[in-house]
Amino acid sequence: MLEHETADGLVAVMLSEVEAYAGSIDPASHSFRGKTGRNAVMFGPPGHAYVYFTYGMHFCANLTCGPEGTATAVLLRAGRIVEGVPLAAARRLAGRPGARIPDRDLARGPGRLGQALGIDRAQNGVDACDPASPLRIRAAAPEGTPGQISEGPRVGVSSAADWPWRFWRTGDPTVSVYRPYVPRTRPKPVSPSAAEDGTIPR
DNA sequence: TGGGCGATTGGCT
DNA sequence: GCCAATCGCCCAC
């Protein structure tokens with residue numbers, strides 16, 4: 001379980017889905033090509049939050065897990081909000097007047113989970129194992145039947161997509177919908193004639 | 001230094 | 001099912 005406490009209140013999430021990323025040996029990992037300003041936290045000690053901004057609008061959270069220097073982490077893909085549901089819903093609905101979101105969808109997906117918890121750049125690098133940290137892991141008794149964990153390919157990665165490093169609670173309705181990687185279609189041609197004569201490269 | 005594209009999402013056809 | 005939104009990262013030039 002993970003919780004984030006801000007001036008607005010506290011939101012806690014029981015994680016239902018994660019993905020593993022393995023540093024320099026994993027072509028799909030942000031840390032595959034070495035240490036940069038963005039991924040520096042991944043190279044640090046375990047138990048810290050690695051937050052990245054993607055698609056111009058989403059903050060996704062990871063927890064580093066391997067020894068310092070290994071740049072291994074788990075992406076927090078989905079979970080069930082167990083505390084602070086009204087606050088999580090308010091964050092998810094901001095800018096969308098009239099919309100309604102089922103509770104189970106509040107943190108169903110990495111971008112949604114980040115928004116529901118109020119995660120942003122300020123949490124990058126914080127020690128989630130420190131009880132005094134605003135963003136911290138919380139011990140929780142396992143729910144349901146032990147051993148009900150499924151595994152499968154990771155979502156949205158363009159390389160090593162077949163590595164079965166996504167793990168989720170079998171049958172949990174808060175697990176995100178799987179979408180296989182699909183290459184983006186190229187931007188529309190700069191001129192109709194260029195498109196017709198096939199000079200636009202794939 | 002420029003431009004393609006991403007560990008995504010929500011709205012519309 | 002398809003596509004726009006939106007911006008920072010990072011590789012290639």
Side-chain angles (χ1 to χ4, degrees), chain A residues 2 13 15-43 48-66 70-79 81 88-125 151-168 174-190 194-195 199-202:
Chain A
L2 186 75
V13 62
L15 297 171
S16 62
E17 179 187 5
V18 297
E19 271 177 8
Y21 288 88
S24 61
I25 66 165
D26 180 1
S29 173
H30 286 173
S31 52
F32 181 61
R33 297 171 204 284
K35 190 174 179 177
T36 68
R38 177 176 65 153
N39 65 24
V41 172
M42 285 185 82
F43 289 80
H48 289 239
Y50 164 51
V51 177
Y52 69 91
F53 182 64
T54 192
Y55 288 97
M57 62 189 92
H58 301 298
F59 290 101
C60 300
N62 298 247
L63 289 176
T64 57
C65 51
T70 57
T72 53
V74 287
L75 168 68
L76 311 181
R77 283 200 57 88
I81 306 296
R91 285 170 173 155
R92 293 272 283 107
L93 291 168
R96 284 196 290 153
R100 286 176 46 247
I101 304 176
D103 283 358
R104 74 177 203 177
D105 288 350
L106 288 174
R108 194 184 195 191
R112 293 167 166 181
L113 186 149
Q115 186 176 28
L117 283 180
I119 302 286
D120 62 24
R121 275 179 246 284
Q123 282 72 53
N124 190 40
E151 65 176 59
R154 295 178 289 186
V155 178
V157 297
S158 56
S159 52
D162 56 323
W163 297 16
W165 283 5
R166 183 169 64 104
F167 304 90
W168 65 92
T174 67
V175 172
S176 69
V177 179
Y178 177 67
R179 290 193 213 104
Y181 171 75
V182 181
R184 272 191 172 195
T185 54
R186 64 180 187 273
K188 70 178 182 179
V190 290
T199 57
I200 299 297
R202 187 187 303 262

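Residue numbers begin at 1 in each chain, while the letters A, B, ... track the order of the sequences. Predicted model only: the values in this text are computed from it and were never measured.
A stem is defined here as three or more consecutive Watson-Crick or G-U pairs, each with both distances under 3.5 Å; for DNA chain C these stems are B:1-6 with C:7-12, B:8-12 with C:1-5.
Between A/I81 and A/D103 the shortest side-chain heavy-atom distance does not fall below 4.5 Å. Residues A/R166 and A/L75 fail the side-chain proximity criterion, which asks for heavy atoms closer than 4.5 Å. Counting heavy atoms from C-beta outward, A/Y52 and A/C60 have side chains that approach closer than 4.5 Å. In this structure, A/S31 and A/F43 have side chains that are in contact, with non-hydrogen atoms separated by less than 4.5 Å.
Note: CG (A/D105) to P (B/dG10) measures 9 Å, nearest angstrom. Here B/dT9 presents its P atom at 14 Å from CZ of A/F59, a figure rounded to the nearest Å. Between A/R179 atom CZ and C/dC2 atom P the separation is 13 Å, expressed in whole Å. Between A/R77 atom CZ and B/dA7 atom P the separation is 11 Å, expressed in whole Å. Between A/E17 atom CD and B/dT8 atom P there is a gap of 10 Å when expressed in whole angstrom units. The distance from atom NE2 of A/H30 to atom P of B/dT8 is 9 Å, rounded to the nearest whole Å. Rounding to whole angstrom units, CZ of residue A/F53 and P of C/dA5 are separated by 15 Å. Rounding to whole angstrom units, CG of residue A/D120 and C1' of C/dG8 are separated by 15 Å.
Listed here is the closest heavy atom pair of A/R112 and A/D105: CD-O, 3.9 Å. A/A99 and A/L93 make their closest contact through O-CD2, 3.3 Å (heavy atoms, listed as atom of the first residue, atom of the second, distance).
Residue A/H58 places none of its side-chain N or O atoms closer than 4.0 Å to OP1 or OP2 of B/dT9. Put simply, A/R92 has a side-chain N or O that comes within less than 4.0 Å of OP1 or OP2 on B/dG10. The side chain of A/R96 contributes no N or O atom lying less than 4.0 Å from OP1 or OP2 of B/dT9. OP1 or OP2 of B/dG10 has at least one side-chain nitrogen or oxygen of A/R112 nearer than 4.0 Å.
Atom CZ of A/R100 has 12 or fewer neighbouring heavy atoms from other residues, nucleotides or ligands inside a 6.0 Å radius.
Rounded to whole Å, the P atom of C/dC3 lies 16 Å from the corresponding atom of B/dC5.
Side-chain proximity of A/L75 to the nucleotides C/dG8, B/dA7, C/dT6 is greatest for B/dA7.
For the contact set between residues 31-43 of chain A and DNA chain C, defined by any heavy atom under 4.0 Å, the members are A/R33, A/T36, A/R38.
Side-chain atoms of A/Y52 come within donor-acceptor range of the base of B/dA7, with a qualifying N/O pair under 3.5 Å.
A salt bridge links A/R77 with A/E19: the distance from a Lys NZ or Arg NE/NH1/NH2 to an Asp or Glu carboxylate oxygen falls below 4.0 Å.
In this pair, A/Y50 and A/H30 present their aromatic rings perpendicular. The plane angle is above 60°, beyond the 30 to 60° band.
Two residues, A/S158 and A/Q115, neighbour DNA chain B, and the one matched to the more 5' nucleotide by heavy-atom proximity is A/S158.
Annotation: ring pair (Phe, Tyr, Trp, His ring centres under 6.0 Å) contacts of A/W163 (sequence neighbours excluded): A/W165.
Within the nucleic acid shown, A/G56 comes within 4.0 Å of at least one base atom, counting heavy atoms only.
Stacking annotation: A/Y55 is not stacked on the base of C/dA5 (requires ring centroids less than 5.5 angstrom apart and an interplanar angle below 30 degrees).
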